[in-house]
Amino acid sequence: MRSLFRLVICVAIGGLIAGCNLSDSNYFRQGIGTDVYSSELPNATALNDTYVALICRQAGLANEGKTCDTPLLGRSWATFVQAGMNDIDRRCDAYLAWLDDRKRSQTPVLNELHALSAASIGVMNATGVGVNPITIVGLAFGLAADTFTNVQSRLVLEANHSTVQAVVLDNQSQYRREVIDKVVDNKPAAIYLLRGYLRICMPFSIETSINNTLTVYHRSGASALVQQPGVFQRPALIPTASQAFRQSIPASPTTQLPGVAGQPGPKPEGMVIGWQTDAEKMPISVGRRIQGNLCIASSSGNFDKNTQEGADTREAIRQAKIAANMSRVAKTAPELFKPVSNQIGTNDEAQIFLNAQHCESDRSGTDRAYATAFEKFRFADDVAIKALQQTLAKCDPAVTPTGIFDKATRDGISKATGRKGSTVPKTDRLNDKAYEWVSGICI
């Protein structure tokens, strides 16, 4: 009898002690704290360096026993990010499999506890033990079952596993689409993107995504669920904001702050000419950069469709959208632009065009000798360009798969579009109509 009471008391004390740890106490009193330095920083830095070295090997950027030459890595950080996301996918798949197994194993454990409880009470009753000990044993087994249920009970385990998996995979696909055109040229930016991707597979992220979806659907219906912004990706500074920050920095240590003590503030930059949507209300410098990325020869920030430059810009926007929706990536993912128009309809679209690199370069910064927005977005890498060149070779054997729009490729396009019966003018550049003709005739 006494030993049984000791057991119950020990279990209770053990539960209290298990609930008390130093991390809980620190977080309760201080949150994350106010000191920049933390005791975990040296170890975290060492682990970060080890992780970067291993992912560099997976990405093919370093040999065994070596690490990336990070100061010189440049645009190859984008490859590093892709390899890192692949590694996170592997770990996330293992976690989802564990969740499924955990959910399936919960019922057998509870059944075993109930069976042990019934057997123990039956044995004690048969041997003539009093009512009180039997009651205590029953309570003890009930406590164990309730404790197990409470520890195991959280939304990520209670939700249907297919729901959890769908939430994670959909968020991962959306995240990959969002970052595919981002410029990643330094280690902090790469780690930032990977931490955002890793956060998708964390339990609180999964639970919040499910709750957020249910809440939005309940309040606004199914239409409100389309293109919901990511909950766990902290937004980076947009170019307009970063430009304002740069303008606010004094020219020298002795120069007064702009706009302070009688000093003239920075002259506000004008907006692009002929903007039609809120997303197009951008500084002229940003508009000019987008025009340059879309292969507009005269880039003065004029989007007015009633001028030649504006008309060319509008058509380039439309061609880029058509091309992106036809690209190799689009074949395995939802269309990037809906609807296809000659306007920049959202800030996300503006960011895609802004991150696209200058006309001749692909998103990694490699010169592909693009000449039109269609070429740039339809044939976004060497694999897509080589596939086009193999098609052109059927019209002009001089075309070889080089992965660049070289002179032979331009000549091949010109020969194909110059064939008798062509429905497009003879040209050495591709838009949607010219490509449709070339891909139909060179077979």
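Because the structure is a prediction, the values reported are computed rather than measured.
The two atoms that bring Ser414 and Lys426 nearest to each other are OG-CE, 3.1 Å, heavy atoms only. The two residues Ala350 and Ile290 come nearest to each other via the heavy atoms O-CD1, 4.0 Å. In this structure, Thr409 and Ile404 approach most closely via the heavy-atom pair OG1-O, 3.6 Å. Closest approach of Val399 and Ala408 over heavy atoms only: CG2-O, 3.3 Å. Closest of all the heavy-atom pairs between Cys92 and Val168 is SG-CG1, 3.6 Å. The two residues Ile322 and Phe374 come nearest to each other via the heavy atoms CG2-CE1, 4.4 Å.
In this structure a side-chain-to-backbone donor-acceptor pair under 3.5 Å is missing from Thr372 to Asn431. Checking side-chain atoms of Tyr370 against main-chain N and O of Phe379 turns up a donor-acceptor pair under 3.5 Å. Panel note: side chain Lys305, backbone Asn342; no donor-acceptor pair is recorded below 3.5 Å. Looking at Glu360, its side chain never comes within 3.5 Å of a backbone N or O of Asp367 through a donor-acceptor pair. Between the side chain of Ser439 and the backbone N or O of Tyr435, at least one donor-acceptor pair lies under 3.5 Å. For Trp437 (side chain) and Ala416 (main-chain N/O), a donor-acceptor pair under 3.5 Å exists by modelled atom type.
In this structure, Gln291 and Phe303 have side chains that are in contact, with non-hydrogen atoms separated by less than 4.5 Å. Looking at Asp87 and Gln58, their side chains come closer than 4.5 Å, going by heavy atoms from C-beta outward. With contacts defined as side-chain heavy-atom distances shorter than 4.5 Å, the pair Ile413/Leu392 qualifies. Using a 4.5 Å cut-off on side-chain heavy atoms (C-beta onward), Met85 and Leu194 make contact. Proximity of Leu354 to Val286: side-chain heavy atoms (C-beta onward) are separated by under 4.5 Å at one or more points. Residues Phe405 and Arg429 have side chains not in contact (no heavy-atom distance under 4.5 Å, counting atoms from C-beta outward). Under the 4.5 Å side-chain criterion, counting only non-hydrogen atoms from C-beta, Ile352 is in contact with Phe337. Between Arg318 and Val340 the shortest side-chain heavy-atom distance falls below 4.5 Å.
Rounded to the nearest 0.5 Å, atoms OG1 (Thr366) and CG (Asp382) are 8.5 Å apart. Atom CD1 of Ile441 and atom OG1 of Thr391 lie 12.5 Å apart (nearest 0.5 Å). Here the straight-line distance linking atom OH of Tyr175 with atom CG of Leu193 works out to 4.5 Å at 0.5 Å rounding. Note that CD1 of Ile273 is 4.5 Å distant from CG of Asn302, once rounded to the nearest 0.5 Å. From Thr277, atom OG1 reaches atom CE of Met282 across 7.0 Å, with rounding to the nearest 0.5 Å. Atom CG of Leu294 and atom NE2 of His358 lie 10.0 Å apart (nearest 0.5 Å).
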Practice task
Kindly determine whether Lys281 and Asp278 satisfy side chain to side chain contact (heavy atoms under 4.5 Å, CB included), including the steps that lead there.
Solution key: CA-CA 5 Å; Lys281 292 171 62 177; Asp278 288 341; 3.8 Å; yes

Exercise for the section: Go through the steps for Leu430 and Leu388 under the test side chain to side chain contact (heavy atoms under 4.5 Å, CB included), then give the verdict. Expected result: CA-CA 11 Å; Leu430 291 177; Leu388 168 68; 3.8 Å; yes

Practice task
Could you walk me through whether Lys433 and Glu315 pass the salt bridge (Lys or Arg N to Asp or Glu O under 4.0 Å) test, one step at a time?
Solution key: CA-CA 13 Å; Lys433 298 300 182 183; Glu315 178 60 14; over 6 Å; no

Practice task
Could you give me the CA-CA distance, side-chain angles and deciding distance for Gln319 and Asp432, then say whether side chain to side chain donor-acceptor pair (under 3.5 Å) is met?
Solution key: CA-CA 7 Å; Gln319 288 289 324; Asp432 60 328; 2.8 Å; yes

Practice task
For salt bridge (Lys or Arg N to Asp or Glu O under 4.0 Å), just list the numbers for Lys407 and Asp428, CA-CA rounded to whole Å, side-chain angles, deciding distance to a tenth of an Å, and then say yes or no.
Solution key: CA-CA 9 Å; Lys407 185 178 185 302; Asp428 64 352; over 6 Å; no

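When the shell of 6.0 Å around CZ of Arg410 is examined, it contains more than 12 heavy atoms from other residues, nucleotides or ligands.
Using cut-offs of 30° and 60° on the angle between ring planes, the pair Tyr51 and Phe80 is perpendicular.
Salt-bridge annotation for Asp411 and Lys415: absent, with no side-chain N of the basic residue lying under 4.0 Å from a carboxylate O of the acidic one. With respect to the salt-bridge test (charged N to carboxylate O, under 4.0 angstrom), the residues Arg314 and Glu280 qualify. Taking the charged nitrogens against the carboxylate oxygens, Lys321 and Glu349 do have a contact shorter than 4.0 Å, which makes a salt bridge. Between Glu436 and Arg378 no salt bridge is recorded (no basic side-chain N to carboxylate O distance below 4.0 Å).
A side-chain donor-acceptor contact under 3.5 Å links Tyr197 and Asp89. Using a 3.5 Å distance cut-off with no hydrogens or angles, the side chains of Asp312 and Gln308 do pair a donor with an acceptor.
Between Phe353 and Phe377, the ring centre distance stays below 6.0 Å.
Results of the side chain to side chain donor-acceptor pair (under 3.5 Å) test with Gln389 over Thr402, Asp396, Thr400 single out Thr402 as the only residue that passes.
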